[in-house]
Structure formats: C-alpha cells, structure tokens
Amino acid sequence: MESSGTGKGSLVNREAYDPKAIEGRWYDFWERHRLFDTSASSGREPHVIMMPPPNVTGRLHMGHALQDTIQDALTRMRRMQGFEALWMPGKDHAGIATQNVVERAIRDSEGSTRHDLGRDAFVSRVWDWVDEYGDIILQQKRRLGDSCDWSRERFTMDDTYVEAVQRVFVRLYEEGLIYRGDYLVNWDPENRTALSDEEVDNVERDGHLWYVRYPLAEGKGHVTVATTRPETMLGDTAIAVHPEDERYADLIGKNAILPLLGREIPIIADDYVKIDFGAGALKITPAHDKNDFEIGARHGLQVVNVMSVDGTINENGGPYEGLDRFEARDRIVADLESQGLIEKTEPYKVSVPISSRSKTTIEPLISLQWFVRMEPLAKPAIEAVRSGRITFYPKRWENEYFRWLEDIRDWCISRQLWWGHRIPVWYYTDDDGDIDESRDFVVSVDQPEPGMVQDEDVLDTWFSSWLWPFATLGWPHDDEEAKNDLAVFYPTHVLVSGYDILFFWIARMIMAGLHFTGKIPYRDIFITGMIKDKLGRWMSKSLGNGIDPLEMIDEYGADAVRYSLTILCAQGQDIKLDPTKFEMGRNFANKIWNAFNVFAQFMEPGVEYRRARGFKDLDLVEQWILHQLNSTIEQVNESVDRYRLNEALSAVYDLFWRDFCDWYLELIKPARGSEMSEEAIALAVELYEKMILLLHPFMPFITEELWHRIRVRPDGDACMVQSWPSSDPAEMSDAAAKTFSVLKDMISGIRNIRAEYSVPPSKPIAAIINVSDRQPDVLAAIESHRVYFEKLARVDRLEVGTGLAKPGASASVVVGRNEVYVPLAGMIDLDVERERLQKEIDQKEQFVLRIQTKLRNQQFVSKAPGEVVERERKKEADTVAELKRLRANLEDLSHAG
RNA sequence: GGGUCCUUAGCUCAGGUGGCUAGAGCGCUACGUUGACAUCGUAGAGGUCACUGGUUCAAGUCCAGUAGGACCCACCA
C-alpha cells in the first residue's frame, strides 16, 4: 500500500483514524486474494461455523451484527491458528415472509393479487424478486467484515437443496414419521395457512366473559355457560358439566337449545369441567377449541365447523354467514342481549393466540394437514446433549432445550402457500381432473406416472432449514466433492445463534442431523443474548427504536461497532444498546491508530526492523511489557475457548491501552531532540505487530491497514492469514514484572503527591527513595532507571539508597517496604499531609485488623488451604511494615511542625 | 400454574469451579496545549454487591425464602 512519502517519519499517521477510507479497500483485497476460500483437501484441521441463513427479505439488524461479529472473530482466530476455517454463508427463502413481501409489491405496483397472476406466474415473480433483492443482506454483511467463504454460498431453494428436502420428506414418510390427517391446527386467516405451534404467540388481552343462557329443550329453565368467544357458539354441539356437580345432576342426558340457531344440543358430563369456574357449565365447540375437540372425541359429538379459511362465518353459521369473525361476535352478543339471554358480562383477561407472522388472531380450525411425528426424533436429540456430545454455552439453555423436547408435539409442516418447497406427494385424478380421494396418494420425489397431480401445499420454511448443516455441504449427493466436503467439514464445530430460534431451528437441526447423517450437527452451541434498545425493549419497526448497524458503521466504523458489540456481549445476557456505546470502539480504534506514531516517527520506510537483542538484554520496561503480552496471549486463548469473547477482548484492550500505551510507550519515547535506537524500534514494532494480530479477529480492518503500514509486505501477505501469536515462557520474567510494578507504584505515588499539592506538571521536583535493604534488586533497578522517574513524574533530582533519612518538609508515600519522600520546601502543608497519611493509615489499619482476626481464628488456620493462609500471613506482614513507616512519617511530621 | 434470568459505583455493565483491601466504560471533580492521541493525559471522589436466613474457616460468588423487573412454556371456558 502507499505511504505518505519517503524518509524518516513518513509512516506517521497524520490524521485521526478514518475507517471509511480503508474498510472497503481491505474487504476487496481479501476477496481478490481469495483469502476466505476453503478447501476440503487442504490437509489442515477444519473448523466450521454455519452462519444462520438470513431471510432473503432481511435487512441487516443489530442482532446479525452481534452474531456475525462473534462468528467472524472465531473464524478469523481459528484461521490464524492454522485451522481450515470455514464460515459457511447462505440465505433462507423464508416462505411466508417472502410471499407477503412480493404480494405487497405486486399489489402496490399493479394492484393485482397473486390469484390474478396464478401460481406459476406468481412464483416466477418471487424468483425475480429474490434475484433482485435477495442478496442485499449478504452485501450488507460484507460491510461488517464477515470472512465467510462466499464461493460456497447456498440458498434453501437451490436445486440440490430442494432435492435434499424432498428426499427427507419421502424418507420420513417411509419410516412412518410423516402422516396426513384432519386435526385441529393453528389457522392464520390472514395468510390463509396452517402454522406450527411454535409460530403462535400467546398474548394476554383485556376481554370479556359472557354468561349466556341456553334454554332447556324440555320444560322451563336454562343452563348458563360462560364464554370468552361467543361467536364460536354457532358450532356448539354440546354443553358439558362436571359429573359430580349437584346443581346439574338432573340435567345430564337432557338437551338444551342453542340460542340464535335453535339447534338441540345434549348436556353431557365430563370431569374436564371445573365446577367452580364461571357458571360451572361449559359450551363445547369441537371444531374451534382444542379441549372441546378432545371432549367431543370422547363423547362422539358432532363437529360443526362454522368458519371459512378467511376468518368469516360459513354456511353453518345461519344468519351470520359471511360476517367476519369479530363482527359476528359483536352481532351475536347484541342479539343475545336483545333476547335477554346474556345473564351478565365480566371483564376478563384472555390469552389470545397471535400469528407470529401476520400478528392476526389465530383460529383453531380443523383441517387436513401433514405432520411429523416428533417423539422418535427428539429422543436421540435429548441424549446427544445429555451425554455431553453437544454442549450449550451458557449451559442453562440445556434446560430449556430438554423441556421442549421432552414434551414435544407433532409438527404441522404443510403450509397453504405458493412460495416454498412443494410437498412430494402425488394424487390420482378422476376424469374431470379432480383429485380422486378414493385412491391412495403416492409419496415420491418425481411424478410417479403421467396425469398425477402434486399436492398443492408447500412445506414450513423450517422443514428446509433444519437440514442446513449438511444439506449445504452436498448431502445427500455422492459425488466426490460432496463426499469430501461432508467428510471433512461435517459435523461442524460451533453454532452461534440467539435463543429466539432455539426450538424453531437449533433443536430441529440436532434432530435432523442425528436422524439423517447419524451425527451431531455441531459440538458447541453459543447462545447469544438479544439486542434490546436502551430501555430494554425489543427493537421493532413499530416502536421505531431500532439502531441500524450500517448507520453505526458509517458513523463509527465497522471495527468500532464490532469492538463495542463484543465487549458488551457477556455470557448470554441481553444487551441494552445505545448508539453512544460505539464511542468506546471508535476511541479505541483511534488509540491504536495513534500509538503507532510514537515509534513510526523514527522509522525509515523500507527498513526491516528486527530485534537482535535477547530477552536478557532488554530494558526493564521491555521485559515487563513482554511479560504482560505473553500472559495476555494465554488469557485470550483460554477465554475464547470458553466463548468468553468479551473477556478476551478486554484483556487485549487493557494490554494495549493500560500497559503498552500508558507505560511502555511513555517510557520508550526518546527525550526531546533525540532519536529512538533501531533496537528499541525493533521491539516496539514487534510488540505492536503482535497486538495487531491479537486484535485482528475483533477489529479486522484497522489491523489489516496497520499491518501494511508497519512494513512493506509482499502482495497478498495479509494480516488475516498470519499465525496467531503464541506465548513464550522464555520471554516472561516474573521477577522483572514484579520489580517494574514496584517502580510503577512509586511513580504513581509521586504523581499523587504532585496532584495533592498542586505542583504544576511542568515543574521538576526532587525525590528521595528509601529502599528496603531486603530488596537490592529494586535498588539496582531504580538506580539504573532514574529516567523513568524523570519522564513520568518529572523528578529531576533523585536520591536513592537504603537507610536514607526523611527530609523535614516533605510528603511521603510507602510502597511495600520502601518509601518515597518528596521534599516540598515552602509548599508542604502539614495539615494536608497529616490528613493524607492519616487516611492511608486508617485504611491499612482496618485491613490489618481483618486479616489478624482471620489469622487468630484457629478454624481458618487449620482448615483453609496452606497457600491461602500463607498469603494472608504475607499480607499481614507487608501491611504491618507499611503501617510502621506510615506512622513514623506522621510522627516525623509533627516534629517538622 | 410451572420454569429461567436479572437486581453490584450517578448511568450501562464485567465479575468460570467460594479466598476481593469488589473492577471497566461513560458521567463527575481538580489539574494539564511536555512532538502519538483532547476520539487524549495525570490524579481523585464515588459501592453495607436488592432484602432475610442458612451452609462454610471464608459468600458478590453456593442453598432456601422475600420483594421488584424481564422472558419462556402451559388446554382452565
């Protein structure tokens, strides 16, 4: 890449970091060099993540941004660690959602419906739409830096994928796990299709409980029933009471008159009825209520369906035929009222089933649909998690998973839509071309014989996506490529997803994987929290509280967005997001950018700065920072293995900002007018490069850019394909780290004194360091590093030794067994100093007291592990020693006064 | 009706297997234009870790319960 000129200092970043200027360029670079591509024959150990395929109708939202950031960080890190890291992208045809979008588009543009067009024409229009808009979200994902292997992109409607779905259906049917039947299903009157139980949300609403009188058929009197849905009474075929309810004992076996329609219905006894609820009598509508359906079946009741597929009352509703269900309700209540049949009305909280797609109220409706028998599939899926072959992170989601699977119900998979996978079932036709229901249907991928017609319905979208982990890798084809891909890349390693699709997708993939391939689809499941707005509400279009990731990328940069999302993503907790959170990432990116200048200004472009010195020849601060670097590498590796990316990233953040910038860079900066040695530059470059590598998985763009600014690289020698840094025990001296931290504390102490006494930062001061005779290494370190004190605390006269006396008018600070005196002739305020010392003493005394109480406790000494007791003893000794010095200093002060 | 999660500094949140004088970012206070960075630096103030019990030598961390809040599941008309 270009540099801003030649000659020393030309590498310096002269402006603040501007993500816009580089992000697009590097993404192109990675793609051009095909760095995301993977091969089953590389020989490297694979690491595979299946991207949850976004809907073709989707637009990038914060949830994607979070999950992609995690998946990309994992993929990039594994790639750097030498794995053949495949992040498999693709998209989902999203049956209902897509059909709705296209229907709306056609209606808006030409005012016609899909029925005007006809099925074939409509489906072809959906394909046009998918071709035109389906890739938008995948394009948007590139802005985030997603390093997935785009050459493997799949779509759930690809020919090979369609075949996989068809074959799965046929196989399940042949195994007796798919059946067809008339059952009460969740009906969405707006989309005019059946839905699965999972696609229905129950919402609590304010409703009413109407007490309706049903006159007895013989004699006078009536039975009162309570209902929340009076419109369903049109389909009532019985009244049920509890067999032991004395009030109604003599009515059992008699008939009542169904008001409005005048039909006679029997009064039956069933112990499902709760005696103390409502009026104690229950109207039974087998066609429109799940419990009533079961009661009806028990008693052989008639089933009267009063509703059409569009939610209007049908011909069984007599005078109410043709009315919309809600209008019918109002009319029925009004009519009952005028006939004096409403005994009373109470306000009542009702749980209303809502279609998660159309948000309309679901109607339980009896209809002929296809179902999957789930229990046989669920059993192995439960076992796979119980046995530990699959692990959830965090673990608690396993409970939710078990709960659902252990009580699983059959899955209604047929949808009365046009866009989706056709059901591979064929029917014979009669002479008129109508389906001949007297003959058996045939289940087959291909048309069994001419003239047979295929089932009109399509399959639930999830019936295709549950095959995603293996169908995208070529299953069930047996050509060489498919065989290799499956053998190498399946099972995959980790699935990253939200808990919102735990049942829809995650659990079903496990069932499908085990059933069709005999293998688990993935080893680990990382369940992320969900992104909420800053008040903790779901982001939604209707609330208008969404935060657009693309806008955030424009404003703060992709790396900043990624940084902040990663840092905010703690183990499974939801994230309350506010746009200002991205300032964290932006500021950090800028810090990384600017830190480079400290040594870049002394670098000559083109020169290869490589360290010649061994660890032992390094300066104290250099040994210390290497210690910090190496221990951070270990920590990062450990955290990432447990999917604690927030921990990993904050460790690198601290290393970079708190250690590298605040201390190391401040100390290696040459004094005014002097240069940095090549040796010093070499180490700075080495450290910086390593941190760039550690940061790359999290912040790929800025690190790639800087990687190429540091050195001239051969074309294609990208940061993203470098080896992941390993920690080197030989470059970790605990002793050096410890010594340096003593000096660090002394410097902080002096700075504190300066601040307390308002000594201007520009004013040099003197300091005397009285080192314990037990710490000759500290003494030596200070003697040879006076410059540290000068640079960071503006100490121009430093006296150091053992047994030094404290000067009269001075402030002091105790660091372990050592003391630092700062003479402040004329500036010392005895009261201020006394207060400072007293505060310190009080604190330490309290601390010591606690430890001593603990140590005096025989139970503690005998039961706590030896190392813990030892640690406490050491703390006590150290603090007592510090206290002694502090008290002496305080004493000294009164003499000085 | 079951179940899960949350309650830690003014705000938003971290704190695997109990050993912490409890941390971060933002905000706040006081200084600061020292040739990387004001998207910055230095120093600092600020928490009886919701409450009540229990287990333990030791509890923010484990257990039970209470109170708020969020969510998931469930057929009470």
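Residue numbering restarts at 1 for every chain, and letters A, B, ... go by the order of the sequence lines. These values consider heavy atoms only, across backbone and side chains, with no hydrogens, waters or symmetry-generated copies.
- Note on ring orientation: taking the six-membered ring where Trp is involved, the planes of A:Phe660 and A:Phe599 are perpendicular (angle over 60°, cut-offs 30° and 60°).
- Taking 4.0 angstrom as the limit, A:Arg794 places none of its side-chain polar atoms (N or O) nearer than this to OP1 or OP2 of B:U42.
- For the pair A:Lys532 NZ and B:C72 P, the computed distance is 8 Å after rounding to whole Å.
- Under 4.0 angstrom from either OP1 or OP2 of B:G25 there lies no side-chain N or O belonging to A:Asn587.
- Salt bridge A:Glu705/A:Arg709: present, at least one basic N to carboxylate O contact under 4.0 Å.
- Nucleotide B:U52 is matched to B:A64 when pairs are restricted to Watson-Crick or G-U wobble geometry with both distances under 3.5 angstrom.
- Heavy atoms of A:Arg409 sit under 4.0 angstrom from primed sugar atoms or phosphate atoms, though from no base atom.
- Among B:C57, B:A36, B:A14, the nucleotide with an atom closest to any side-chain atom of A:Ala595 is B:A36.
- In this structure, A:Tyr348 reaches the sugar-phosphate backbone alone: every heavy-atom distance under 4.0 Å involves primed, P, OP1 or OP2 atoms, never a base.
- Atom CD of A:Glu756 is separated from atom P of B:A43 by 12 Å (rounded to the nearest Å).
- Evaluation of A:Phe847 against the base of B:U21 yields a stacking contact (centre distance < 5.5 Å, interplanar angle < 30°).
- Remark: aromatic rings of A:Tyr17 and A:Trp593 are close, center separation under 6.0 Å.
- Comparing B:C75, B:G19, B:U21 by their closest approach to the side chain of A:Lys290 singles out B:C75.
- A donor atom on one side chain and an acceptor atom on the other are not found under 3.5 Å apart for A:Ser10 and A:Lys8.
- Residue contacts shown for A:Arg754 are absent, as no nucleic acid heavy atom lies under 4.0 Å away.
- In this structure, CZ of A:Phe588 is placed 16 Å from P of B:A24, rounded to the nearest angstrom.
- Of the charged side-chain nitrogens involved, none lies within less than 4.0 Å of a carboxylate oxygen, so that A:Lys20 and A:Asp18 do not count as a salt-bridged pair.
- Note on A:Ser762: nothing from the nucleic acid sits closer than 4.0 angstrom, heavy atoms only.
- Using C1' as the reference atom, B:A45 and B:A50 are 25 Å apart when rounded to the nearest Å.
- For A:Gln571, the side-chain atoms get nearest to B:G15 when compared with the rest of B:C6, B:G15, B:A77.
- The existence of a salt bridge linking A:Glu756 and A:Arg754 is excluded, since no basic side-chain nitrogen approaches an acidic carboxylate oxygen closer than 4.0 Å.
- Across all strands shown, B:A74 remains unpaired; no Watson-Crick or G-U wobble contact has both distances below 3.5 Å.
- No engagement by A:Pro760 is indicated, since no non-hydrogen atom pair under 4.0 Å with the nucleic acid exists.
- OP1 or OP2 of B:G25 sits under 4.0 Å from a side-chain N or O of A:Arg658.
- Ring centroid separation for the pair A:Phe596 and A:Tyr688 comes in under the 6.0 Å cut-off.
- Distance A:Asp662 CG to B:G41 C1': 8 Å, rounded to the nearest Å.
- Within the 4.0 angstrom heavy-atom criterion, no nucleotide atom of any strand lies near A:Lys791.
- Across all strands shown, A:Gly673 has heavy atoms under 4.0 Å from base atoms, whether or not it also approaches the sugar-phosphate.
- When heavy atoms are screened at a 4.0 angstrom cut-off, A:Gln573 is found touching the sugar-phosphate backbone but no base atom.
- A salt bridge between A:Glu666 and A:Lys669 is present, with a side-chain N of the basic residue lying under 4.0 Å from a carboxylate O of the acidic one.
- Among the protein residues, A:Arg642 comes within range of the nucleic acid bases, having at least one heavy atom under 4.0 Å from a base atom.
- Residue A:Lys669 places no side-chain N or O under 4.0 Å from the OP1 or OP2 atom of B:G35.
- Phosphate proximity of B:G35 to A:Asn597: absent, as no side-chain N or O sits under 4.0 Å from OP1 or OP2.
- Pair assignment for B:A24 gives B:U12, based on Watson-Crick or G-U wobble hydrogen-bonding distances that are each under 3.5 Å.
- Out of B:G15, B:A77, B:A36, the shortest distance to the side chain of A:Gln601 is found at B:A36.
- On the C1' atoms, B:U12 is 23 Å away from B:G16, given to the nearest whole Å.
- For the pair A:Trp397 and A:Lys839, nearest-nucleotide mapping onto RNA chain B gives the more 5' position to A:Trp397.
- Nucleic acid contact for A:Gly585: none, since no nucleic acid atom lies under 4.0 Å from a heavy atom of the residue.
- Per the geometry, CG belonging to A:Leu855 stands 14 Å off P belonging to B:A58, to the nearest Å.
- Base engagement by A:Ala16 is indicated by at least one non-hydrogen atom pair under 4.0 Å involving a base atom.
- Side-chain nitrogen and oxygen atoms of A:Trp657 include at least one within less than 4.0 Å of the OP1 or OP2 phosphate oxygen of B:G41.
- Here the P atom of nucleotide B:U55 and the NZ atom of A:Lys863 are 13 Å apart, to the nearest Å.
- Residue-to-nucleotide contacts include no donor-acceptor pair under 3.5 Å from the side chain of A:Arg403 to the base of B:G3.
- Among B:G19, B:A36, B:C5, the nucleotide with an atom closest to any side-chain atom of A:Arg396 is B:C5.
- Across B:U42, B:G25, B:U12, the shortest atom-to-atom separation from the side chain of A:Lys576 is found for B:U12.
- Along RNA chain B, the nucleotide nearest A:Glu638 and the nucleotide nearest A:Lys581 are compared for position; the residue whose nucleotide lies closer to the 5' end is A:Lys581.
- In this entry the distance linking CG of A:Leu649 with C1' of B:A24 reads 12 Å, nearest Å.
- Of all nucleotides listed (B:A43, B:U21, B:U39), B:U21 comes nearest to the side chain of A:Lys875.
- Among the nucleotides B:C76, B:A36, B:G15, the one closest to the side chain of A:Arg644 is B:G15.
- Nucleic acid contact for A:Arg229: none, since no nucleic acid atom lies under 4.0 Å from a heavy atom of the residue.
- A salt bridge links A:Asp878 with A:Lys874; the closest basic N to acidic carboxylate O contact falls under 4.0 Å.
- The side chain of A:Val273 sits closest to B:A77 out of B:A77, B:C37, B:C57.
- Summarising the base pairing, B:A43 is matched to B:U29 through a Watson-Crick or G-U wobble pair whose two defining distances lie under 3.5 Å.
- Considering only side-chain atoms of A:Ala226, the nucleotide from B:A77, B:G25, B:G41 that sits closest is B:A77.
- Rounded to an integer number of Å, the gap from A:Glu867 CD to B:C57 C1' is 15 Å.
- At the heavy-atom level, A:Asn752 lies under 4.0 Å from the strands shown only through sugar-phosphate atoms.
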